[in-house]
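Below is one structure, written out as structure tokens, with a few remarks after it.
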Amino acid sequence: DVVERVGNRLPDPVTIFVGLAVAALGLSWLVSLMGVSVVHPETGETITAVNLLSRDGIQKILGNMVENFTGFKPLGTVLVAMIGVGIAERTGLFAAMLKWLVTAVPAWAITPTVVFAGILSNTAADAGFVILPPLAGMLYASLGRHPVAGIAAAFAGVGGGFSANIVLNALDPLLSGITNEAAELYDNAYDVRATANYFFMIASVPMLTIVGTLVSTRIVERRLGPWKSGADANALTPLEAHERRGLLAALVAVIVTAGLMIALVVAKNAPLREPDPEGLAPFFRSIVGLIMIFFFVPGLVYGIVTRQVRSDRDASKMMSESMSAMGSYIVLAFFAGQAIAYFGWSNIALIIALKTADFLKSIHFTGVPLLVVFLIVAAIFNLVLASSSAKWAIMAPIFVPMFMNLGWSPETTQCVYRVGDSITNIITPLNYYLPISITAAQRFIPRAGMGTIISATLPYSVAFGLAWIAMLVVWLLLGLPIGPGAPIRL
């Protein structure tokens, strides 16, 4: 309750990023004035803070403002995905799917299904953040359950379980590539594969699903209570004949679209595949575009069959309406892009990471306790820098060789980092996708704010952290393999 009250009194996320941008400029001047520096363990280079309020800094700020905005990675993900999602929503496909889901899935299975779907959605990069929380809110409201509980369960699954999955996703080769480069600083013959943490992440899926379900039903929903709005509760009427025809046509479209996408990947010389054993990089780079098509085609087919789309103008209008609803997110992306760029240019984030590494070296922990401390540091660092790969690019060259020197494999260090990086995704105000869930909540509660979502996801973050740390410690003590051919110790 305190988190909700305080959180809802915080400024708008746009204002927070404006404040961070201003703070980065001020800190760059102050830290450079103090002469703070640190030696990079990889290059031996002395890293000093760059004053962005200098002549060169001001030129860089004004000259790169557009690039900071257009290069903000989550912006493209959200807008491209929303083209397809907007068609699927505005033609009525999502509403029809929810009606079917309510009748096809037992009531007790709704929550684990939402959490499980959220965890698996990281296969589609960040698209789960955009798609699942709004859908879960609609589903819960239709069942007379509090929509914020549904939004929180989906958001927790997507963000809190971001590193867990039953299949490899784009994050695996990305992080393993960074880990491999860091490991070569200690042993230039060491090779880290994309499957480095595969066994541990598969086992994490059922654990997180169970924990997420218990937190949702025993804590979050009990706190929020039932949904008392008569206009929304039990609002889904039975499927009508034209909706059933539309769903059948959409299902055929899904099968055909999925088949074509699989054909682009499976064959040896397929367009989205490279000949080497881990040659799915083109597929992972294309995932956002594929997600857009995957929703656009069935949504358009459903709209045509149900007569919601009678001409190309109808489809164009639906896509435009979907984009117009993203105006506030576009503004957020502009200021978030500036703030992130300023922290990078000033070297402040890198200095903090290197100083943190020096601290860990000085506390004289060894063994598993040191790994747990490292996990907690990664979780805290995640509160101020949301990008998983960006953080690991900073931290890996420091911690991977350090832990190799202590006898821990690079695969183990990466695994510990991924757990820490995931558990605080859902409680940081700087999560780029948090405004999506806030907007979804405001559909039902106009005064909902940042505190509404963070207070609902905080129990998931704590529970996921405790359960995942316990699982990791047991896994390491038993010496179980964390991935194919991936040792725990050197």
Side-chain angles (χ1 to χ4, degrees), residues 77-106 109-110 113-114 116-118 120-121 123-125 127-143 150 154 158 167 235-266 272 283 286-323 325-326 436 440 443:
T77 299
V78 171
L79 296 184
V80 172
M82 284 305 297
I83 293 175
V85 171
I87 285 287
E89 180 181 3
R90 282 167 171 76
T91 57
L93 175 59
F94 282 165
M97 289 172 57
L98 291 176
K99 290 182 182 181
W100 173 82
L101 187 64
V102 169
T103 58
V105 178
I110 292 293
T113 299
V114 168
F116 181 71
L120 296 193
S121 71
T123 304
F129 283 114
V130 182
I131 298 164
L132 289 181
L135 282 179
M138 294 167 57
L139 174 62
Y140 272 53
S142 71
L143 296 170
V158 179
V167 296
L236 294 185
T237 57
L239 285 169
E240 299 180 7
H242 72 282
E243 291 175 320
R244 288 194 291 269
R245 290 194 300 271
L247 277 179
L248 181 60
L251 176 60
V252 173
V254 166
I255 295 173
V256 173
T257 303
L260 292 174
M261 290 181 177
I262 291 172
L264 292 174
V265 179
V266 172
L272 296 184
F283 168 74
S286 306
I287 197 78
V288 176
L290 294 174
I291 288 294
M292 185 272 287
I293 295 170
F294 189 78
F295 283 96
F296 179 87
V297 174
L300 183 63
V301 169
Y302 180 87
I304 292 172
V305 171
T306 58
R307 307 289 291 171
Q308 296 297 316
V309 176
R310 299 173 183 268
S311 68
D312 59 326
R313 291 184 177 85
D314 292 333
S316 179
K317 182 180 179 182
M318 290 176 180
M319 288 185 286
S320 299
E321 290 173 347
S322 177
M323 286 296 100
M326 300 306 299
I436 302 293
R443 177 173 182 172

Check whether any side-chain heavy atom of M97 lies under 4.5 Å from a side-chain heavy atom of L247, and answer yes or no.
yes
Hey, does L260 have a side-chain heavy atom less than 4.5 Å from the side chain of V256?
yes
Would you say the side chain of L272 lies within less than 4.5 Å of the side chain of L290, judging by non-hydrogen atoms?
yes
What closest approach, in Å, do P298 and I293 show between heavy atoms, and which atom pair accounts for it?
CD-O, 4.0 Å
Backbone of L239 reached by a side-chain donor or acceptor of R244 within 3.5 Å
yes
Does the side chain of F295 reach to within under 4.5 Å of the side chain of L93, using non-hydrogen atoms?
no
Find out whether V309 and M318 are in side-chain contact, i.e. whether some heavy atom of one side chain is under 4.5 Å from a heavy atom of the other.
yes
Starting from the C-alpha separation in whole Å, work towards a yes-or-no answer on side-chain contact (heavy atoms from CB on, under 4.5 Å) for I291 and I131.
CA-CA 10 Å; I291 288 294; I131 298 164; 4.1 Å; yes
Do the side chain of T91 and the main chain of Q308 share a donor and acceptor less than 3.5 angstrom apart?
no
For M261 and F294, work out which heavy atoms get closest and say how close.
CE-N, 3.8 Å
On a heavy-atom basis, the closest approach of A136 and A154 is CB-CB, 3.8 Å
Would the distance check show the side chain of S121 and the main-chain N or O of V158 forming a donor-acceptor pair, the cut-off being under 3.5 Å?
no
Using every non-hydrogen atom in the two residues, find where Y302 and E243 come nearest and quote the distance to one decimal.
OH-CG, 3.5 Å
Report the C-alpha distance between S322 and R90 in whole Å, list the side-chain angles of each, state the deciding distance to 0.1 Å, and finish with yes or no for side-chain contact (heavy atoms from CB on, under 4.5 Å).
CA-CA 8 Å; S322 177; R90 282 167 171 76; 3.9 Å; yes
List the steps, then state whether side-chain contact (heavy atoms from CB on, under 4.5 Å) holds for R245 with T306.
CA-CA 8 Å; R245 290 194 300 271; T306 58; over 6 Å; no
How many angstroms lie between atom CD1 of I87 and atom CE of M292, to the nearest 0.5 angstrom?
10.5 Å
Is the closest side-chain heavy-atom distance between V114 and L132 below 4.5 Å?
no
Are any side-chain N or O atoms of S316 and backbone N or O atoms of D312, one a donor and one an acceptor, separated by less than 3.5 Å?
no
Can you see which heavy atom on G289 is nearest to which on V80, and at what distance?
CA-CG1, 4.4 Å
Heavy atoms of V130 and M82 approach each other most closely as CG1-SD, 3.3 Å
Steps toward side-chain contact (heavy atoms from CB on, under 4.5 Å) verdict (L143, L139)
CA-CA 7 Å; L143 296 170; L139 174 62; 4.2 Å; yes
